[in-house]
Novice: 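Quick one: the structure is below, and I'll ask about it shortly.
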Number of protein chains: 2
Amino acid sequence: MRKHNIKMKVVNLEFQRYSIRMTTTSLNTWQLVQDEVLHRIQTGVWSPGTLLPTEKELAQEFECSRATVSRALNNLSGEGLLDRRRKGGTRVNLNPVRRATLAIPVMREEIEGKGSVYRAMVLEREQRNPTPAVRAFLSVEADCPMVHLRSLHMADNQPYAFEDRWVNLQVVPKFAEADLTEISANEWLVQNSGFSGGDVAFYSVNAGSQEAENLGCREGEALFVLERITRVNNKPITFVRLFYRPGHRISTSL
Amino acid sequence: MRKHNIKMKVVNLEFQRYSIRMTTTSLNTWQLVQDEVLHRIQTGVWSPGTLLPTEKELAQEFECSRATVSRALNNLSGEGLLDRRRKGGTRVNLNPVRRATLAIPVMREEIEGKGSVYRAMVLEREQRNPTPAVRAFLSVEADCPMVHLRSLHMADNQPYAFEDRWVNLQVVPKFAEADLTEISANEWLVQNSGFSGGDVAFYSVNAGSQEAENLGCREGEALFVLERITRVNNKPITFVRLFYRPGHRISTSL
DNA sequence: TAGTGGTCTAGACCACCCG
DNA sequence: GGGTGGTCTAGACCACTAA
């Protein structure tokens, strides 16, 4: 996309948003194309359901290569704004399913990132077989050796999150001797075992007596819960529930 | 990346995972490269902190173009596994910050996607100025004309989520006459106004009397809340809180 | 079956930034 | 300053699928 000597329509649109462009310093062609397409969608030039010109046509209009147009459109498609299919062309999604990307950091970084001092303490640690509920969740055998941990994550010496974790010793037997005074179970596992996938869920529960006691809140208070199953090679390696203190929220931008 | 006539090491690794490859039918070069790099990370060939070979070297090893290697590595970087910087090279992240991508669909699609019948009812609709709390959230003036809506989303005639929404009539004046019997407020806004960005947050609250009554649950039960501010052109257009019925969870895979 | 987007290449130039 | 990744191109072939 040449910055000068360009079609009238594009010049106008670029000019309208020049103040924005000046600040964001987006000089890349694919970003300019993406912004321009986004702008046309937002202003209704291409309303929901509209069939966009082909990549080749857009490449001609913007005077850039098809690959560059493709990158821009694929980005918008990844954000849920466009629906692209071979032969069918590219359309503006009727109901743009926005996808929110949440970062799930290590607890230490989450807390230190807020400027607080991180500290963790292991409250309870036992080696045992899984409870029936845990067994069902992880689909492991009844006699599978596991470590059950309860820990507390502190921010500035205030309870921040209560952790209830099961670790599968069949997959990571060395965890039985892991020293968790320096690093947390999560950090140990990240550094000492692979990682291939898992599931995350968020939900909300009323605090039980155990959570209330450890988090220093009333029983029954609504707690935000992050639940995660981590697998390596399709074998469940750990199952963890993180009960955040009341008022915790996770947020992101669209 | 040629499938045959390839270095011994790669052949071996491909062979080890052949059963997986057979099922996933990933024939693209960039996917093969990505899988291979992922595999080397997971098996510790490239442990956390390790500096990877340059794109050019990897392109030579995999016998493909640098652009293809670049795509594979950039994908992994986007997933938080790699840290890439010019001149600095590509490293395996020490603490892989996993990013979970959550889809935030329109309520109708969320419910119909579960095979249930969707129905929505507007419980209350009034035109008024914002409360101080809403004003602070949206940073609008005190005399900004708004519509305050309370609605209930039903799945198979059971309460599914309770919605508390404010719409900024300064930005979308036509909303004042919107007919919300056929489509929901969200759908109306998606189709009748642009969209440029917003913030989403998830948290958890105890059900108040209003939520309990409408969702048919006890007061004090822990509810999962999705809160969203949507903007067009940096002007707040709507602010919505969705209180899901007890037990609701959102989940995703890593 | 024809037309669209998906992928890949070889090469080029450039911006960034570590040493 | 030099080496890395970031971007871009022109062209090619291919996979999918709507008409």
Side-chain angles (χ1 to χ4, degrees), chain A residues 1-6 10 21 24-37 41 46 49-94, chain B residues 1-6 10 21 24-37 41 46 49-94:
Chain A
M1 191 195 276
R2 294 180 195 148
K3 305 308 181 298
H4 312 289
N5 181 23
I6 200 167
V10 178
R21 295 246 169 108
T24 53
T25 66
S26 60
L27 300 169
N28 300 331
T29 310
W30 69 266
Q31 282 181 5
L32 289 174
V33 173
Q34 183 176 328
D35 289 354
E36 178 55 33
V37 172
I41 293 172
W46 291 329
T50 303
L51 182 66
L52 267 61
T54 66
E55 288 188 346
K56 198 193 292 183
E57 289 168 340
L58 288 174
Q60 286 171 4
E61 183 193 344
F62 294 132
E63 299 185 21
C64 66
S65 73
R66 186 166 80 90
T68 303
V69 172
S70 191
R71 176 172 186 175
L73 296 184
N74 281 329
N75 280 353
L76 293 173
S77 167
E79 290 176 15
L81 279 173
L82 295 177
D83 181 33
R84 318 195 71 201
R85 51 190 65 183
R86 285 162 166 159
K87 168 70 178 175
T90 302
R91 288 181 183 277
V92 181
N93 257 340
L94 283 173
Chain B
M1 188 198 274
R2 295 180 195 148
K3 305 306 178 300
H4 312 288
N5 181 23
I6 200 167
V10 177
R21 295 246 169 109
T24 54
T25 65
S26 61
L27 301 168
N28 301 330
T29 310
W30 69 265
Q31 282 182 4
L32 289 173
V33 173
Q34 182 175 328
D35 289 354
E36 177 55 34
V37 172
I41 294 173
W46 291 329
T50 302
L51 182 65
L52 267 61
T54 65
E55 289 189 346
K56 199 193 293 183
E57 291 168 338
L58 288 174
Q60 286 171 3
E61 185 193 342
F62 295 133
E63 299 185 21
C64 66
S65 74
R66 186 165 80 89
T68 302
V69 172
S70 192
R71 175 172 187 175
L73 296 184
N74 281 330
N75 280 353
L76 293 172
S77 167
E79 290 176 16
L81 279 173
L82 296 177
D83 181 33
R84 318 195 70 200
R85 51 189 64 181
R86 285 161 162 152
K87 169 67 179 176
T90 302
R91 287 181 184 278
V92 181
N93 258 341
L94 284 172

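Convention: sequence-line order gives letters A, B, ...; per-chain numbering from 1.
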Novice: Starting from the 5' end of DNA chain D, give me the residue, A:A67 or A:R86, whose nearest nucleotide shows up first.
Specialist: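 Looking at DNA chain D, the more 5' nearest nucleotide goes with A:A67.
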
Novice: Show the nearest heavy-atom pair for residues A:L51 and A:G88, with the distance to one decimal.
Specialist: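 Distance-wise, the nearest heavy atoms are CD1-O, 3.5 Å.
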
Novice: Whole-Å distance between C:dC17 P and B:R84 CZ?
Specialist: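 To the nearest whole Å, that distance equals 14 Å.
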
Novice: Counting only side-chain heavy atoms from C-beta out, which of D:dG6, C:dT9, D:dC8 sits nearest to A:T29?
Specialist: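 Minimum distance to the A:T29 side chain belongs to D:dC8.
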
Novice: Could you tell me the separation between the CG atom of B:D83 and the CG atom of B:L52, rounded to the nearest 0.5 Å?
Specialist: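 Here the interatomic distance stands at 11.0 Å.
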
Novice: Find the distance B:L73:CG to D:dT7:C1' and express it as a whole number of Å.
Specialist: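 Atom-to-atom, B:L73 to D:dT7, this comes out as 16 Å.
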
Novice: Heavy atoms only: give me the nearest B:L82-B:N93 pair and the separation to one decimal.
Specialist: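 Heavy-atom minimum between the residues: O-ND2, 3.7 Å.
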
Novice: Quick one: A:E63 CD to D:dC8 P, roughly how many Å, whole number?
Specialist: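 These atoms are roughly 15 Å apart.
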
Novice: Which nucleotide, D:dG6, C:dT4, C:dA10, lies nearest any side-chain atom of A:T54?
Specialist: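 Nearest to the side chain of A:T54 among the choices is C:dT4.
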
Novice: Let me know the distance between CD of A:E55 and P of C:dG5, rounded to the nearest Å.
Specialist: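 It is 5 Å, rounded to the nearest whole Å.
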
Novice: Has B:E57 got a side-chain atom pairing as donor or acceptor with B:T54's backbone, closer than 3.5 angstrom?
Specialist: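 Such a contact is found between B:E57 side chain and B:T54 backbone.
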
Novice: Counting side-chain heavy atoms from CB outward, which of C:dC18, C:dT7, D:dT17 is closest to B:R85?
Specialist: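 For the B:R85 side chain, the nearest candidate turns out to be C:dC18.
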
Novice: Nearest to the side chain of B:T68, which nucleotide is it out of C:dG5, D:dG6, C:dT9?
Specialist: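 Side chain of B:T68 sits closest to C:dT9.
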
Novice: Do B:R84 and B:S70 have side-chain heavy atoms sitting under 4.5 Å apart?
Specialist: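 The answer is yes; the side chains approach within 4.5 Å.
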
Novice: So which one's nearest nucleotide on DNA chain C is more toward 5', B:R66 or B:V69?
Specialist: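 Taking each residue's closest nucleotide, the earlier one in sequence belongs to B:V69.
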
Novice: Whole angstroms only, please: what is the CG-C1' distance between B:L51 and C:dC18?
Specialist: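 Atom CG in B:L51 sits about 12 Å away from atom C1' in C:dC18.
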
Novice: Side-chain N or O of B:T90 versus OP1/OP2 of D:dG5: is the shortest distance under 4.0 Å?
Specialist: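 The answer is yes; a side-chain N or O of B:T90 sits under 4.0 Å from OP1 or OP2.
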
Novice: Indicate, with a heavy-atom threshold strictly under 4.0 Å, whether B:R71 touches base, sugar-phosphate, or nothing.
Specialist: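 B:R71: backbone/sugar contact only, no base atoms under 4.0 Å.
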
Novice: Could you say whether A:K87 or B:E57 is positioned toward the 5' end of DNA chain D, judged by the nucleotide with the nearest heavy atom to each?
Specialist: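 So the residue in question is B:E57.
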
Novice: Salt bridge or not for A:E55 and A:R71, using N-O below 4.0 Å?
Specialist: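 Result for this pair is no, no salt bridge flagged.
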
Novice: Rounded to the Å, how far apart are A:D83 CG and C:dT4 P?
Specialist: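 Roughly 16 Å, once rounded to whole Å.
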
Novice: At their closest point, which heavy atom of A:V69 faces which heavy atom of A:C64, and how far apart are they?
Specialist: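 The pair with the smallest heavy-atom distance is CG2-SG, 3.6 Å.
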
Novice: At how many degrees, to 10°, do the end axes of the helix from C:dT1-D:dA18 to C:dC18-D:dG1 meet when each uses five pairs?
Specialist: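 The helix from C:dT1-D:dA18 to C:dC18-D:dG1 shows an end-to-end axis angle of 20°.
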
Novice: How close do B:V92 and B:W46 get, heavy atom to heavy atom, and via which atoms?
Specialist: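 Scanning both residues completely, I find the closest heavy atoms to be CG2-O, 3.8 Å.
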
Novice: What nucleotide among D:dC8, C:dT4, C:dG6 has an atom nearest to a side-chain atom of A:N74?
Specialist: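 Nearest listed nucleotide: C:dG6.
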
Novice: Would you kindly give the CD-to-C1' distance between A:Q34 and D:dT7, to the nearest whole Å?
Specialist: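 After rounding, the gap between these two atoms is 14 Å.
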
Novice: Measure CD/A:Q31 against C1'/C:dA15 and give the value in whole Å, please.
Specialist: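 A:Q31 atom CD is separated from C:dA15 atom C1' by 13 Å.
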
